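Remember, predicted model here, so these are calculated numbers, not experimental data.
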Amino acid sequence: ETIPRMTCNSMGLFFSSPACSSSRKPFKVIIHEGELAQIRKWVKRHEEIETGGDLFGLWAEDNTVVVQFALGPGKGSRRTSVSFFQNSKYLGKAGKALTEDFGLCHIGEWHSHHRLGIPEPSGGDENTVRSNMPQYGWKRFVVFIANIGRDDSVGLGCFLFEAEDTTYWRPLEMLRGEFECLPKQSPLRLYALLDPSFKAEIEEGAESINELGEVKPEEKPGTKGYILTDTTEAPSTGLDKGRSPNQKDSLMDEFCERLKGHWTRTKKNKVVVEIDELTTQNEDRKCPASIEFFPAKNGYYKADVCYLKIPIMLPDDLVLRRDEASVDSAVEKIREAAQTVADEIFSQSAGETKV
C-alpha cells in the first residue's frame, strides 16, 4: 500500500506525493457524481469565459487518485477568455480547512475552456503546471479540463502531470485518465451541511454556491477520459447553418478584407487572422499583427487575443456579427486596443535608432 507523503506549499496547503513507480500505470480518477455536478454548474455560469477551482483528495495507489471535494472559484478570481487565476486568499482559507481538519491533500485543479473546443490542457496550461512543480515540490499534479458541447452539456477530461524525479524535475509525458464515478454526493459535501463552521470556511469568500439537488449519472459516457452526453468532437462553428457553401466564411472574409489580411482555421477550432500592417487609430502606426478568434454562438466570431510583439487582451464585447456595423466596431476596437502598444513599440524603436 502506498502511503502519501505530505508536502506543504507557500500558502500552507498540503500536496500528496505517492511513491514513484518504475512503470507508468493507467491514470484513474475516482470521484462522486455530485462533485462532477458541482463543477458543471460552475462552468455553466461562465459560458464564454474561463472559470475554475481546485481539487482535494488522496492518492489511493500509484496513478489512482480519489477526489473527495471540488472547490469552486473565489470572489475576485481573475479570468479572461483564455485564462483563469484562482483567488489565493480564498484557496488558502478553504484549503486549510480541507487539509488540516480532514487530512486531504490539494492534488490538482480544474478549469474550463468554455466553448473553445479544446478538450485537453493547452500549451500554456502545460507550461504553467510544469513550471510550478519544482517551485512547490510537486511530484505529480492533476488537472481537469471542462468544455461546453454543442448541446450545452459540459464534458470533463482528467490529466496527470508527473515528474520523473525531484532532483532535476524531468517531466514525464502528460497522461490522459479515466473517471470512475461513485454514485450520489461526496460524504464530505454532505458533512458541510451539518457542520456550520466547516460550511462557513468553504462558503465565505466563494464566488457562488451551488445547490446540491438530485445527482443523475450521465446517460452517454464519452470516450476515454471524458464524461459527455454528446461527443468528444470539437463544437461546430455554426458557420454552415443556413448558408450555401460559398457563403459560409463570408463574415471572416469581409473582416480580413477591411484589415488587408488573411485567415486560417487551426486544428483546435480557432481562427487566426494574419495582418501584414495593422493600422491603428492614429493611421500612422503600422505593425504586423495576428488576431485570434473563437467561434461563438449562431455563427459569430468572438475576438480573443491580438498579438503585435506582445499579446493584447481585447474587450469582452468584441464580437463579429453579420452586419456592417459589427465589422466596423470590431475593426475600431482592435485598432484602439493596439494603439498604446504600437506607440510604445515605435517609441522604443525610435530610441534604439537614435542611439
Check your understanding: Should S81 and E48 count as side-chain neighbours, where that means a heavy-atom distance under 4.5 Å?
Key -> no
For the residue pair M133 and F161, establish whether any side-chain heavy-atom pair is separated by less than 4.5 Å.
yes
| Heavy-atom distance under 4.5 Å between the side chains of I107 and V66, does that happen here? | no
Going by heavy atoms in the side chains, are F198 and D101 under 4.5 Å from each other? no
Checklist entry - Do F69 and Y191 sit in the same hydrophobic cluster, where Ile, Leu, Val, Met, Phe, Trp and Tyr count as joined when their side-chain heavy atoms come under 4.5 Å apart? => result yes
Output, in order, the C-alpha distance, side-chain angles, deciding distance and verdict of ring-ring contact (aromatic ring centres under 6.0 Å, His included) for F56 and F102. CA-CA 10 Å; F56 291 82; F102 296 95; over 10 Å; no
Minimal heavy-atom distance between F159 and F27, with the atoms involved, is C-CE2, 3.6 Å
Can you find a side-chain donor-acceptor pair between S122 and D125 that sits under 3.5 Å? yes
Exercise for the section: Would you tell me whether Y136 and N132 have side-chain atoms, one donor and one acceptor, within less than 3.5 Å of each other? Expected result: no
Could you check L188 against L104 for side-chain contact (heavy atoms from CB on, under 4.5 Å), going step by step and ending with a plain yes or no? CA-CA 11 Å; L188 192 55; L104 300 183; 3.5 Å; yes
ask   = Do the side chain of S131 and the main chain of N127 share a donor and acceptor less than 3.5 angstrom apart?
value = yes
CZ (R40) and OG (S112) are apart, to the nearest 0.5 Å, by 14.0 Å
From the list F85, F84, Y90, side chain to side chain contact (heavy atoms under 4.5 Å, CB included) partner of S77 resolves to F84
Tightest non-hydrogen contact, residues Q86 and G72, listed as NE2-O, 3.1 Å
Nearest heavy-atom contact between V154 and A146 is CG1-CB, 4.0 Å
In this structure, CD of E61 is separated from NZ of K25 (nearest 0.5 Å) by 5.5 Å
I'd like to know if the side chain of T128 reaches the main chain of G124, judged simply by a donor and an acceptor atom lying under 3.5 Å from each other, with no hydrogens or angles considered. yes
Exercise. Using a distance-only test with no angle check, is there a side-chain donor-acceptor pair under 3.5 angstrom linking N63 and R140?
Worked result: yes
Separation between CD1 (I39) and CG (L71), nearest 0.5 Å, reads 10.5 Å
| task | Indicate whether the side chain of H32 and that of Q38 have a donor and an acceptor atom separated by less than 3.5 Å. | result | no
Between the CG atom in L91 and the NE2 atom in H106, the distance rounded to the nearest 0.5 Å is 5.5 Å
Correct closest heavy-atom pair for P119 and N147 would be CA-ND2, 3.3 Å
With distance as the sole criterion, is a donor-acceptor pair present between the side chains of H111 and E109 under 3.5 Å? yes
| said: Let's go through E35 and R189 carefully: what are the C-alpha distance in whole Å and the side-chain angles of both, what is the deciding distance for salt bridge (charged side-chain N to carboxylate O under 4.0 Å, His left out) to 0.1 Å, and is it a yes or a no? | reply: CA-CA 8 Å; E35 295 309 289; R189 183 75 59 179; 2.6 Å; yes
Item to complete: Answer yes if L182 and V29 sit in the same cluster of Ile, Leu, Val, Met, Phe, Trp and Tyr residues linked by side chain heavy atoms under 4.5 Å apart, and no otherwise.
Response: no
So if you build clusters from Ile, Leu, Val, Met, Phe, Trp, Tyr with side-chain heavy-atom gaps below 4.5 Å, do W59 and I30 land together? no
Q) Taking 4.0 angstrom as the limit, do K28 and E180 come out as a salt bridge? A) yes
Look at K139 together with E162 and state whether they make a salt bridge at an N to O cut-off of under 4.0 Å.
no
Margin query: Any heavy-atom pair between the side chains of L98 and I202 that's under 4.5 Å?
Written below: yes
Scanning both residues in full, the closest heavy-atom pair of L36 with C181 reads CD1-SG, 3.6 Å
Distance col, row R176:CZ vs C158:SG, nearest 0.5 angstrom, shows 9.0 Å
Item to complete: Decide yes or no on side-chain contact (heavy atoms from CB on, under 4.5 Å) for E204 and K75, but give the supporting numbers first.
Response: CA-CA 9 Å; E204 289 178 6; K75 292 178 182 177; over 6 Å; no
| field | E47 with R115: basic N within carboxylate O range, under 4.0 Å | value | yes
Got more than 12 heavy atoms from elsewhere within 6.0 Å of CD, Q135?
-> yes
Rounding to 0.5 Å, atoms NE2 (H46) and CD (E50) come to a distance of 11.5 Å
Quiz prompt | Sidechain N-carboxylate O distance under 4.0 Å for E207, R79 | solution = yes
Evaluate the side-chain hydrogen bond (donor to acceptor under 3.5 Å, both in side chains) criterion for residues R78 and N87: first the C-alpha distance (whole Å), next the side-chain angles of each, then the deciding distance (0.1 Å), finally the verdict. CA-CA 7 Å; R78 295 181 291 119; N87 182 298; over 6 Å; no
_Side-chain touch W110/L156, heavy atoms, less than 4.5 angstrom_ = no
Scanning both residues in full, the closest heavy-atom pair of A97 with E201 reads CB-CB, 3.9 Å
Review point. Is any side-chain heavy atom of L55 less than 4.5 Å from a side-chain heavy atom of F144?
Key: yes
Is any side-chain heavy atom of K44 less than 4.5 Å from a side-chain heavy atom of I148? yes
